[in-house]
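Have a look at the structure below, then the notes.
None of the values given here were measured: they were computed from a predicted structure. Any value given below was found using the heavy atoms of this structure, including those in side chains, with hydrogens, waters and symmetry copies removed. Residue numbers begin at 1 in each chain, while the letters A, B, ... track the order of the sequences.
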4 protein chains.
Amino acid sequence: MTRKQGEPTAIERARRAQIVRAAIDTIAEMGYARASFSAIARTAGLSSTGLISYHFASKQCLMAEVMRTILAEFTAFVAARSDHGTPAGRLAAFVTANCEFMQGHRNHLVTMLDLQSAAPDTESRDRQANSDRAKLAELLTDGQHEGDFRDFDPDLMAGFILSLRNGVILRAASQPGFDLAACTDELLTTIQRATSPQPAPPTA
Amino acid sequence: MTRKQGEPTAIERARRAQIVRAAIDTIAEMGYARASFSAIARTAGLSSTGLISYHFASKQCLMAEVMRTILAEFTAFVAARSDHGTPAGRLAAFVTANCEFMQGHRNHLVTMLDLQSAAPDTESRDRQANSDRAKLAELLTDGQHEGDFRDFDPDLMAGFILSLRNGVILRAASQPGFDLAACTDELLTTIQRATSPQPAPPTA
Amino acid sequence: MTRKQGEPTAIERARRAQIVRAAIDTIAEMGYARASFSAIARTAGLSSTGLISYHFASKQCLMAEVMRTILAEFTAFVAARSDHGTPAGRLAAFVTANCEFMQGHRNHLVTMLDLQSAAPDTESRDRQANSDRAKLAELLTDGQHEGDFRDFDPDLMAGFILSLRNGVILRAASQPGFDLAACTDELLTTIQRATSPQPAPPTA
Amino acid sequence: MTRKQGEPTAIERARRAQIVRAAIDTIAEMGYARASFSAIARTAGLSSTGLISYHFASKQCLMAEVMRTILAEFTAFVAARSDHGTPAGRLAAFVTANCEFMQGHRNHLVTMLDLQSAAPDTESRDRQANSDRAKLAELLTDGQHEGDFRDFDPDLMAGFILSLRNGVILRAASQPGFDLAACTDELLTTIQRATSPQPAPPTA
DNA sequence: CATGAATGAGGATTCATTCAT
DNA sequence: CATGAATGAATCCTCATTCAT
């Protein structure tokens, strides 16, 4: 392997992007387990798996870039819609944006979840999950200080919210006629009730 | 030998159980993707992968039995703790039991989730998920009729609750010092607030 | 292996016969290639392939006995019908008997041919073929001396006749509605013309 | 790589031909049953069975190409020598060409017969056999119309002739010093007598 | 004698990766 | 840069054979 050192050329970047896109579609369609280099090359219209190996040092590297790409788009999309306003408003916007991203980016999200659970790289996967959660927890903490939210453990609640989102993604992806809009509404209500500072109802 | 006919002998059952146990541990440790017959045989201390093939007609059959075994234990454990009382009480007991099962059955639950997302059998996997959700939805519907819960879509809410549980399992499994008890409390509060019939707090 | 030495007991003989019968049926049904010990044991209603190995030192030994058994029955049947009369009459009777044996012994003959071509034992297979041919050649030679037949090479002609018989067996076995009786007539006519001492027709 | 799309390159064709040749030789030497990819790779001087799988989608595909290759050469050889003249002349030429092909193509014919009887593809095997016989039967029917042949069943007689040829192939292949030329002469005489329109000799 | 569990070699096939062109 | 041929390890699975009970 005589790998690059300097800046990647334009062609280089284009190829890598093409391969990453094909990998995302392939994984979303047949799952990580069956997404071989052959399958990805076929999806991309490439004539050889060698080209993938040429541009990515290993399959793990390709998958890392796939993940990076998805998260970049996903994060940007969500951030743009949830980076201002009150914490409660931002949380609602965060949830809404997560669901909205599903439309038009189904493959991105399905692949993201598949990689999170099936990719053989516990290390970076957990790091990513922790970082996602930490950012959301920060928002929740802010909201608690401003009185938007009740007094829960922000880290745990952030995990809850991300779990809920993951569940919605999986279900929307696997159930053909799923009504995502209605689900989003119910999810918003649910999260609002779970986080709002109103006095807790009496224990049953 | 295509497959046995009559009742399995004691030795047969013991070996099968041993292999299933080894499979659960192996999948929990390295994920389904890397849980080859070789790896499982190594975990079980078997001398050959042929022995696994001798006792299970195919890898799919082994995985089916793994799933069956896990679900049997898990379901029995949860059912025993959540089959009586008011719907709200049963829901709380259900959540609690799910979390309690994690202690002493970490590998079972990790493997269950791994199989649910990575196994190459979309068919039965989705069927299982739908059936789990349907049963929980039924409980929720009952609770709505009795005034225990507010007026949400029971099917969606059931999905939410299972997603939350899955998230807790994954986190408890991957984060060494995770405080499962505290998480359970927070989860109970969260679900109670999400489902309780109290007037919704004013929208932010 | 602690193999026998003295005379086989009655039970021993019965078991061996049962296994041989099952082997014949299994090979006829699915071909030698797929006739594993498992398949044979299943056909025989045995509960273990170990029993086959117990009674036969190896698969090759079993196949040898299968062949011996088939040939014993086949030879006896044919010999009883073709051991007297003029050589020409005996030849016709030989051919007829070969065809008649097909009825009621389809599996025997199909297995015989399958073993002849697929069994991994060139040695004894060729020996058998040569011996069959030699015996038939002897009959032909007798017939030539008595003026029943023209002056062909008996060894070659014997080979021809056996080839014709093999072809008829294969075809009758593989073509469901095949009219074996009509074929036998045609075959008799053909062989009679091929061997008769009449002046050869003028070369075309 | 599922399979190529465009035209195969020169190298591709060469490798495939090499593998097919090695398969033919291997099957001829040890029979289809023992002609594993390992054995074929060894014969071909390849470093790995993976290379065979790289060039042929499955063993069945390889065997299909082996058969196609053999039949193409064999058919062309025979057709070139038996496609003109009177039906009787063409039949004689057909028989002669079949025998002549043995010289220099022993392995081709031995493999052809082995595949016909041992290959696990009853379907196409029977189709091939029927098609061969049908073509020969057509020639025989023509000859009957022109008075070259007596009034036999053309389909049966075609089967007889092919059986005779198969027998000659097997014998020439397995018996080292076999005099193929003499056999061919005897076979020609035999077939001529069997088919000629001369009055049948009086029944014995 | 019979059983069925166990063994280990060998089967075809897939795949990420390498490398000459 | 791109190609596609080549590699070899690893996959699941089958099978004849062995052996303790």
| query | Given Watson-Crick or G-U pairs with both distances under 3.5 Å, what dot-bracket string fits DNA chain F, with | for other-strand pairs and [ ] for crossing? | reply | .||||||||||||||||||||

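Between the C1' atom of E/dC1 and the CD1 atom of C/Ile19 lies a distance of 12 Å, rounded to the nearest Å. Atoms CD (A/Gln18) and C1' (F/dA2) sit 12 Å apart, rounded to a whole Å. When rounded to the nearest whole Å, the span between CZ of A/Phe56 and C1' of E/dT18 equals 18 Å. The interatomic distance linking A/Leu62 (CG) with E/dT17 (C1') rounds to 13 Å, in whole Å. The nearest whole Å value for the distance from the CG atom in B/Leu51 to the P atom in E/dG4 is 16 Å. The CD1-C1' distance, from B/Ile11 to F/dC19, rounds to 13 Å in whole Å. We find that CE of A/Met63 is positioned 12 Å from P of E/dC15, with the value rounded to whole Å. Following rounding to the nearest Å, A/Gln60 (CD) and E/dC15 (P) show an atom-to-atom distance of 19 Å.
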Output side-chain donor-acceptor pairs under 3.5 Å for residues 107-116 of chain B, partner residues at least two apart or in another chain, one line each.
from, atom 1, to, atom 2, distance (Å)
B/Asn107, ND2, B/Asp25, OD1, 2.9
B/Thr111, OG1, B/Ile24, O, 2.7
B/Thr111, OG1, B/Ala28, N, 3.3
B/Thr111, OG1, B/Asn107, O, 3.0
B/Asp114, OD2, B/Tyr32, N, 2.7

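On a pure distance criterion of 3.5 Å, a polar donor-acceptor pair joins the side chain of D/Tyr54 and the base of F/dA5. Donor-acceptor pairing under 3.5 Å, judged by distance alone, is absent between the side chain of A/Thr9 and the base of F/dC1. Donor-acceptor pairing under 3.5 Å, judged by distance alone, is absent between the side chain of D/Ser58 and the base of E/dT13.
Side-chain proximity of C/Ser53 to E/dA5, E/dA2, F/dT17: nearest is F/dT17. Picking from F/dT3, E/dG8, E/dT13 the nucleotide with the shortest atom distance to the side chain of B/Ser48 gives E/dG8. Side-chain proximity of D/Lys59 to E/dA12, F/dA2, F/dA5: nearest is E/dA12.
In terms of position along DNA chain E, the nucleotide closest to C/Gly50 lies nearer the 5' end than the nucleotide closest to the other residue of the pair C/Gly50 and D/Thr49.
When the shell of 6.0 Å around CZ of C/Arg34 is examined, it contains 12 or fewer heavy atoms from other residues, nucleotides or ligands.
Listed pair A/Ser47 / F/dG4 meets the phosphate criterion, a side-chain N or O lying under 4.0 Å from OP1 or OP2. Taking 4.0 angstrom as the limit, B/His55 places a side-chain polar atom (N or O) nearer than this to OP1 or OP2 of E/dA6. Residue C/Arg15 places at least one side-chain N or O closer than 4.0 Å to OP1 or OP2 of E/dA2.
With hydrogens and angles left out, the side-chain atoms of A/Thr26 and A/Thr43 include a donor and acceptor closer than 3.5 Å. A donor atom on one side chain and an acceptor atom on the other are found under 3.5 Å apart for B/Gln18 and B/Arg15.
Near-neighbour residues of DNA chain F inside residues 29-40 of chain B, defined by a heavy atom below 4.0 Å, number-ordered: B/Ser36, B/Phe37, B/Ser38.
Using a 4.0 Å heavy-atom cutoff across all strands shown, B/Leu46 reaches no nucleic acid atom at all.
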